[in-house]
Each structure stands twice: as structure tokens, then as C-alpha cells.
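Here is the structure we will look at.
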Amino acid sequence: MDEHFRAFTFVNRITSVKIGHQVRGSYQIPPDLAEFPLSLVGEAVGQLAAWSAIAAMNFEKRPVAGIAAKIELLNSIRPGDELELAADLESVDAEAVSYGGVASVRGKPVLRLEHCVGPMVPLEEFDDPAALRERFAFLCNSGTNENAFQGVPSVMPQRIAGENGQWIRANIQVPQSAPFFGDHFPRRPVFPGTLLMHANLQLAAALASELAGKDELPRLPIQSSMPIAKTKWAIRSVHDVKLRTFIPPGELLESEARLVERDSNAPVISLETRKGKRVIGTARVSLVSETTT
Amino acid sequence: MAVFPKAAETMADALGCDEEEVKLDSSLINDLGAESIDFLDIVFRLERAFKVKIPRGKLIEDARGELSEAEFEKGGVVSDAGFQRLKTFLNEVPADRFKSPLKVADIPRLFTVETFCKIVIRQQKAAGTAAPTAAQTAGTPTA
């Protein structure tokens with residue numbers, strides 16, 4: 001299979017564009033997938049913004065993942081949903097693009113990005129400028145209904161150490177080969193930042209699950225028949241996401257999730273990913289309670 | 001310097017360090033460990049925090065001043081005239097940090113927290129949004 005514009009592409013159609021400023025589009029999530037993580041919804045908004053930035057730079061530069069000040073995970077999505085994508089560029093030049101955006105399903109926001117920054121790199125080092133120019137025109141004119149995405153190989157963090165409810169350290173093995181490398185990017189395979197985020201959010205969720213049950217008993221009066229409330233924590237938003245370097249195929253990374261703010265109403269988990277001794281990625285995850293009895 | 005407290009908080013957030021580590025004369029690269037992505041992060045955060053625009057590449061352009069690129073550097077090394085110009089423009093940087101010959105690629109190593117505070121102030125003045133001085137606020141005559 002030719003993986004270009006198929007294996008890791010999440011914009012089917014560009015419905016309106018003011019180059020360098022504003023762009024709207026859509027993506028039909030294939031209905032036969034087992035799952036479609038919210039991190040890939042973020043990828044879809046980023047890819048839409050990238051099209052506007054690439055066109056603004058006359059297909060000589062393209063953005064890569066860098067910084068996201070805030071990512072709100074608002075609602076769940078299901079395979080078969082159509083994502084309504086919107087991105088607004090705050091600025092774009094030869095050095096960087098800054099943008100925000102939102103993905104919705106049937107008018108209801110499911111994910112929101114704020115103050116994202118993508119460093120701009122020479123496009124021809126990563127992809128064929130002529131092919132991208134042609135693809136942009138295609139997406140703007142007619143788009144496609146082709147459900148080409150077939151899912152991504154599971155990249156699960158493998159726990160290596162931890163302290164219950166405090167921190168977890170895990171290895172993340174980047175695959176040596178995968179279809180998405182053919183699309184991200186054809187001339188220089190790079191492990192997508194959003195797949196690293198997906199792996200790290202699973203680590204954060206594992207730590208969050210260890211927080212459940214560490215609850216204070218309810219204040220008096222206590223009736224013996226009253227069930228004790230247990231707090232289940234869910235990830236509400238991700239802040240201060242920063243990716244410092246490209247991750248090539250086959251890399252062994254180490255991530256650590258650590259509880260850093262213990263406010264019982266709004267715990268925060270820090271995420272740090274290393275390649276050897278070098279910190280290559282950081283983020284902070286805010287939790288929200290879903291109290292159950 | 002009036003902008004320093006907020007600038008220090010902004011830079012600490014960008015770099016993930018304690019605010020106490022961010023001093024006026026701290027070198028962003030040598031003291032605070034900033035990488036190129038952090039410079040982008042800092043610039044965009046300062047823009048939001050102070051509601052100014054900081055054009056990309058402006059610092060190097062302003063540092064060069066009246067000198068043309070050919071007068072400022074040759075073969076990636078800052079010329080004598082460029083070196084003197086840099087020492088004048090970056091007068092907040094301790095003099096002992098200027099080492100000749102200086103590669104153009106190493107100029108960012110000279111930038112301190114105060115360098116970025118001055119950028120913010122310059123952009124505020126350019127936009128007419130600079131906060132009045134204490135003397136102006138008090139209504140006393142200024143020189």
C-alpha cells in the first residue's frame with residue numbers, strides 16, 4: 001500500500017481556507033477501527049492548521065510538532081464519527097506557526113487546542129512539495145471519502161519502576177517500522193508526537209487509577225449503611241506540552257509520570273520523556289474527579 | 001525593571017524551572033539550559049503576557065543595527081565592527097561574556113533574561129503601550 005496521504009492523514013476535506021489565517025475541514029473516522037484515540041483528534045486539528053501554514057509559505061516550509069499550551073479533552077469520540085475541524089492561525093512565518101483549534105462531532109466540541117507552536121522546517125526534506133501542492137488543491141476542491149487509515153500499531157508503555165500513587169516509570173519502544181512512517185514523513189520517518197502523547201497519557205491514566213481509593217473518609221455523621229465514595233480520576237486537560245527533538249524509528253524512550261500537585265480536587269501529573277539522559281518531551285496533565293460509589 | 005517580575009514568571013513557566021532561578025543576568029542557554037524550542041516558547045509567551053508582537057529574528061536584526069550583513073559578519077564569524085556593535089547593543093550582558101572571535105551561531109548564548117525584558121520594553125514603546133515611568137505617574141518634571 002502506498003502510505004502517502006493514507007497511513008497517518010486525518011484531513012479528508014478542506015471546506016474553507018483563508019491562507020495563513022483560518023481553515024476549516026473535516027475527517028471521517030473509519031467505522032471499522034477498534035479505537036481512535038483523542039490524541040489523533042489533536043493530530044487532525046494540527047494537520048489542518050499545517051495545510052494553511054504550508055500554503056502560506058508557498059510549499060517551501062512545513063510545521064512540525066513543538067508546543068501546545070493547553071489541550072482540552074472534552075468528549076469521547078467513536079469510530080464512524082465525522083470530525084468537524086477548525087484551526088485559526090495566530091501567526092505564520094519562516095520560523096514558526098502559532099495556532100489554536102477545535103474538533104467537534106455534530107457541533108459538539110470534543111477537543112480544543114490553545115496556543116500551539118510548530119517550528120517551520122524545509123518541506124522538501126520531509127516530503128515532495130509538488131505532491132503536497134496537488135494534494136492541497138484536491139482537498140480544497142473535492143476532498144475524499146476514502147477511509148484509508150487502518151489504525152496504528154499499539155505502542156504501550158512498559159512499566160519498569162514506580163511507587164503506588166506517586167510515580168511510574170516506563171519504557172516506550174518506538175517501532176522500527178510501521179505504515180505511519182511512510183506518511184510521517186515520506187522523506188524522513190519521524191515518530192509522531194501525538195502517538196508519544198497517546199502512550200504518555202496511558203501512563204498518566206495508570207497513575208491516576210492508583211489515586212482512586214486514596215480518599216478521605218466522609219465527615220461525620222457516618223452511617224454504617226452509607227457507601228464510601230471513591231474518586232475515579234479522569235484526564236481533563238494537558239498543559240505545557242513540549243517536544244524537543246525528532247524521534248526516529250526504533251528509539252527506546254523512557255517516560256515518567258509523577259504526581260506533582262496533590263490538591264484533592266484537581267491533582268496534576270507531570271510527564272517527562274527521555275532519550276538516554278536527554279529530556280525530549282514534557283507535559284502536565286490535569287485530572288478531574290468522576291466520583292462513584 | 002518593571003517588566004522583570006512578569007517576564008521572569010513567564011520564562012520560568014516556559015523553561016519548567018523555579019522562578020528564583022531566573023535572574024536578570026542569567027544566560028538563557030548557559031545558565032537556564034534553554035534550547036531553540038524554548039526560545040520560541042519564551043517569545044510567544046512574552047507576546048501573550050505583555051500583549052506585544054515580537055517579530056521573529058528581530059533581536060539579531062536590531063543587534064546588527066546600521067551595519068549590513070556583510071559588515072556584521074563574514075563566513076559565520078562576527079566582524080570587529082559587528083563585535084563592537086553587539087557589545088553596545090547588548091550592554092546588559094556582562095562584558096566578560098563577550099569572547100572574540102565570536103561565531104554568529106553563538107550570539108544567542110549571550111542573551112540574558114534582561115535582554116528579553118528590553119525587547120518587551122522596546123516593543124511596548126513601539127506600540128505606544130509602555131507603562132508610564134514613576135516620574136510621569138507622579139507628574140514630576142523629567143529631564
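Small disclaimer: the values here were computed from a predicted structure and weren't measured. Lettering of chains follows the sequences in order, A, B, ..., and the numbering in each one begins at 1.
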Report, one line per pair, each donor and acceptor closer than 3.5 Å where one atom sits in a side chain of residues 94-103 of chain B; sequence neighbours left out.
{"residue": "B:Arg97", "atom": "NH1", "partner": "B:Asp25", "partner atom": "O", "Å": "2.9"}
{"residue": "B:Arg97", "atom": "NH2", "partner": "B:Asp25", "partner atom": "O", "Å": "3.0"}
{"residue": "B:Lys99", "atom": "NZ", "partner": "B:Asp96", "partner atom": "O", "Å": "2.7"}

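Within a 6.0 Å radius of CD in B:Glu19, more than 12 heavy atoms belonging to other residues, nucleotides or ligands are found. Open room surrounds CG on B:Asp80; 12 or fewer heavy atoms of other groups in view lie less than 6.0 Å from it.
Under the side-chain contact (heavy atoms from CB on, under 4.5 Å) criterion, A:Ala44 pairs with A:Phe10, A:Leu83, A:Leu85, sequence neighbours left out. With sequence neighbours excluded, no residue satisfies side-chain contact (heavy atoms from CB on, under 4.5 Å) with B:Thr88.
Distance check, rounded to the nearest 0.5 Å: CD1 of B:Ile37 to CD1 of A:Ile67 gives 4.0 Å.
Residue A:Ala94: no heavy atom, backbone or side chain, is found under 4.5 Å from chain B.
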Taking only distance into account, so ignoring hydrogens and angles, what donor-acceptor contacts under 3.5 Å exist between chain B and chain A?
{"residue": "B:Ala14", "atom": "O", "partner": "A:Lys242", "partner atom": "NZ", "Å": "2.7"}
{"residue": "B:Glu35", "atom": "OE1", "partner": "A:Arg244", "partner atom": "NH1", "Å": "3.0"}
{"residue": "B:Glu35", "atom": "OE1", "partner": "A:Arg278", "partner atom": "NH2", "Å": "3.0"}
{"residue": "B:Glu35", "atom": "OE2", "partner": "A:Arg278", "partner atom": "NH2", "Å": "3.2"}
{"residue": "B:Asp38", "atom": "OD1", "partner": "A:Lys242", "partner atom": "NZ", "Å": "2.6"}
{"residue": "B:Asp38", "atom": "OD1", "partner": "A:Arg244", "partner atom": "NH1", "Å": "3.3"}
{"residue": "B:Asp38", "atom": "OD1", "partner": "A:Arg244", "partner atom": "NH2", "Å": "2.8"}
{"residue": "B:Asp38", "atom": "OD2", "partner": "A:Arg244", "partner atom": "NH1", "Å": "2.7"}
{"residue": "B:Asp38", "atom": "OD2", "partner": "A:Arg244", "partner atom": "NH2", "Å": "3.4"}
{"residue": "B:Asp41", "atom": "OD2", "partner": "A:Lys242", "partner atom": "NZ", "Å": "2.7"}
{"residue": "B:Arg45", "atom": "NH2", "partner": "A:Asp240", "partner atom": "OD1", "Å": "2.9"}
{"residue": "B:Arg56", "atom": "NE", "partner": "A:Asp93", "partner atom": "OD2", "Å": "3.2"}

